[in-house]
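Right, one structure below, let's go through it.
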Number of protein chains: 2
Amino acid sequence: MLRDGPAHRPSTKAHDLRIGLLDLIESAGVGERLPSERELAGRWGVARMTLRKAIERLIEEGRLERRHGSGTYTAQAPYARLFGLSSFTEDMRQRGLTPSSKVLRLRKVRASTDAASRLQIPVGEDVLRFTRLRLADGEPMALETVLIPSADVPGLSTKDLAGSIYEVLWDRYRISTASAQTTITPVLPDERSAAALGIPSSQPCLHIDMTDLDNRGRTIMVADCLYRGDRYELTIDLAAPAFPITKAGVRQ
Amino acid sequence: MLRDGPAHRPSTKAHDLRIGLLDLIESAGVGERLPSERELAGRWGVARMTLRKAIERLIEEGRLERRHGSGTYTAQAPYARLFGLSSFTEDMRQRGLTPSSKVLRLRKVRASTDAASRLQIPVGEDVLRFTRLRLADGEPMALETVLIPSADVPGLSTKDLAGSIYEVLWDRYRISTASAQTTITPVLPDERSAAALGIPSSQPCLHIDMTDLDNRGRTIMVADCLYRGDRYELTIDLAAPAFPITKAGVRQ
DNA sequence: TAGTGGTCTAGACCACTAC
DNA sequence: TAGTGGTCTAGACCACTAC
């Protein structure tokens, strides 16, 4: 059933099983139970240990979860996979704060040379550009400007921007971030940004620049964020054995 | 040979094998070859697959390396494991810059309440405290103050502080960092720091506060660093499938 | 060519869950 | 108690290395 062409590189059985498992995951809903390991191993004619290896890799990737004695389940929506850094909404909730947003601008623009280069699209292409004030417990926390190729998000409007953009991209367009590149620098805000954030322009801020890529390395969007240095701190926990965990913290 | 007490928690064979493997790693030099999987499995009376599982975990932790057809080897010194963030020396080299250091102060002090709490030692205990200017291509890049319990590093002196402290701790005291907690905030430097870094005090900087822990969760040292915002930027690459890679970048 | 790691098999028994 | 994942066994054959 599974194997394909002859002169193919990674063609191990575990890799073929991966494809089959991904199909199952795709067609299943979030949190749904897969057939048992014995059932799947039998169905695909492989040893259970071999199947388990393929499952383990998908667990590492955050696509599956196992519950001892119960079963193997599809994991939560992939937009939650990139830890704290990716989603302001998630960050704030983890801190026990209530996130909200105020859309300051939303319009369609033509990609500048710089934007086109970052988005990997032709110069002049239509791009949706919006700026939001992100709040925590009603108080300004960050100012964020996002660029997304218009063609990817037909019909996206202001009312979709109340919460996590990751959630909207996934729920509505089935777009999900597989990796992100982030650059962090300390800056002083310009007058306008300082006013929007409610801080003096002498207050240092974290400038967090992010590019989100899908699983084929194509750019999904770029985001330019300015976080208040007096309220926000970035925490990175690096652990040698397990995965480094990155999360954002809030200074009390 | 391996199993210990009865009412013990993780007591799987793979866990017992881990202990045996760690002993081998400890007594071997860096880059040395271990006995083959078949040899070790025979010696310890387990199936090869079981041994492999224990080896795989140590590979994930960066302690071992496998070379197909050749053997299993002890990995490079563990101080290099924590990616860019941990070692200024490594960071700069990766960027093609030449790192150097200038020790500004080094003395033994008594732990303040705050220091004692961060280092997990009694208040008033002897602590080695040093401040270094870190340079890249001869130009100031960061100002760093480090605290280490004196008892852990007998004989450490100024001449040991020319390069990576991680390297010294490992080579000389066999102390290695297993995890690190880092907090990042944007700040304006005080007059004295600004002068040392050769920047105006209106130049925002990244304040990076780090606590290094060993594999039992004990604090090894705390470091307080001020990075020039005009020369230094932090880059974080998050990838969903593999390990997030954190590295520091230098603005050109 | 001998020895190594890489993958896979077809079982076994245990620990846990959900009923 | 039936079904699930968790661990382990004792092999097999393949791919690669180092000589």
Side-chain angles (χ1 to χ4, degrees), chain A residues 1-21 24-25 28 31-75 241-242, chain B residues 1-21 24-25 28 31-75:
Chain A
M1 165 239 167
L2 298 164
R3 189 146 290 175
D4 40 11
H8 199 186
R9 257 7 277 289
S11 77
T12 60
K13 283 202 183 179
H15 179 262
D16 297 336
L17 292 172
R18 177 189 166 76
I19 311 293
L21 286 166
L24 281 182
I25 294 169
E32 206 160 301
R33 207 183 76 174
L34 297 190
S36 77
E37 296 179 351
R38 288 166 179 86
E39 152 71 18
L40 286 176
R43 185 191 300 182
W44 290 332
V46 298
R48 191 175 149 222
M49 285 290 275
T50 306
L51 177 72
R52 278 180 66 81
K53 205 160 198 173
I55 289 177
E56 261 141 36
R57 186 167 154 204
L58 288 165
I59 288 172
E60 277 177 19
E61 296 176 18
R63 309 291 306 253
L64 289 176
E65 287 173 12
R66 276 206 281 233
R67 291 177 219 153
H68 190 180
S70 171
T72 303
Y73 299 78
T74 57
Chain B
M1 164 244 167
L2 298 165
R3 190 145 291 176
D4 39 11
H8 199 186
R9 254 12 274 291
S11 77
T12 61
K13 283 202 182 176
H15 180 262
D16 296 337
L17 292 171
R18 176 188 167 77
I19 311 292
L21 285 166
L24 282 181
I25 293 169
E32 207 161 299
R33 206 184 77 173
L34 296 190
S36 77
E37 295 179 352
R38 287 165 180 86
E39 153 71 17
L40 286 177
R43 187 191 297 180
W44 289 333
V46 298
R48 191 175 147 224
M49 284 290 274
T50 307
L51 177 72
R52 278 180 67 81
K53 205 158 199 175
I55 289 177
E56 261 142 36
R57 184 166 157 205
L58 288 165
I59 287 173
E60 277 177 19
E61 297 177 18
R63 307 292 305 253
L64 289 175
E65 286 173 12
R66 276 206 281 231
R67 292 177 217 150
H68 190 181
S70 170
T72 303
Y73 299 78
T74 58

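In what follows, every chain begins at residue 1, and chains take the letters A, B, ... in the order their sequences are listed. Keep in mind that the numbers below use all heavy atoms, side chains included, and drop hydrogens, waters and symmetry copies.
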Task: Check: A:V46 and A:D16 side chains under 4.5 Å, non-hydrogen atoms - done: no

Open item on the list: The side chain of B:R33 is closest to which nucleotide in this list: C:dT4, C:dG6, D:dT9?
Closed with: C:dT4

Task: Sugar-phosphate, base or nothing in reach of B:R48, heavy atoms under 4.0 Å - done: base

- [ ] Would you mind reporting whether B:E60 and B:E56 have side-chain heavy atoms less than 4.5 Å apart?
- [x] no

Task: Candidates C:dG5, D:dT9, C:dT9 - which lies nearest the side chain of B:R66 - done: C:dG5

Task: Short side-chain N/O contact to D:dA18 OP1/OP2 from B:S70, under 4.0 Å - done: yes

Task: Whole-Å gap separating P (C:dT7) and CZ (A:R57) - done: 11 Å

- [ ] Take the protein atom CG of B:L40 and the nucleotide atom C1' of C:dG3, then report the distance between them rounded to whole Å.
- [x] 14 Å

Task: Atom pair distance, as rounded to whole Å: CD in B:E37 and P in D:dC16 - done: 16 Å

Open item on the list: At less than 4.0 Å, is any side-chain N or O atom of B:T50 found next to OP1 or OP2 of D:dT9? Yes or no.
Closed with: yes

- [ ] Round to the nearest Å and state the distance from B:H15 atom NE2 to D:dC8 atom P.
- [x] 11 Å

- [ ] Would you indicate what B:R38 reaches in the nucleic acid, counting non-hydrogen atoms under 4.0 angstrom: base, sugar-phosphate, or nothing?
- [x] base

Open item on the list: Expressed as a whole number of angstroms, how long is the span from A:I59:CD1 to D:dT4:C1'?
Closed with: 13 Å

TODO: Counting heavy atoms from C-beta on, name the nucleotide in C:dT7, D:dT7, C:dA18 closest to the side chain of A:R52.
DONE: D:dT7

Open item on the list: Which nucleotide, if any, forms a Watson-Crick or G-U wobble pair with C:dC14, using both distances under 3.5 Å?
Closed with: D:dG5

TODO: Starting from C1' on C:dC13, measure out to NZ on B:K13 and report it in whole angstrom.
DONE: 12 Å

Open item on the list: I'd like to know if the side chain of A:T74 and the backbone of A:I25 have a donor-acceptor N/O pair within less than 3.5 Å.
Closed with: no

Task: Side chain proximity check, B:R66 to B:R52, heavy atoms < 4.5 angstrom - done: yes

- [ ] Report the residue (A:G69 or B:H68) whose heavy-atom-nearest nucleotide on DNA chain C is the more 5′ of the two.
- [x] B:H68

Task: Contact under 4.0 Å: A:T72 side-chain N or O vs D:dG5 OP1/OP2 - done: yes

Open item on the list: Between C1' on C:dG6 and CZ on B:R67, what's the gap in Å once rounded to a whole number?
Closed with: 16 Å

- [ ] Check the distance between D:dT7's P and B:M49's CE and give it to me in whole angstrom.
- [x] 13 Å

Open item on the list: Is the shortest side-chain heavy-atom distance between B:L34 and B:L21 below 4.5 Å?
Closed with: yes

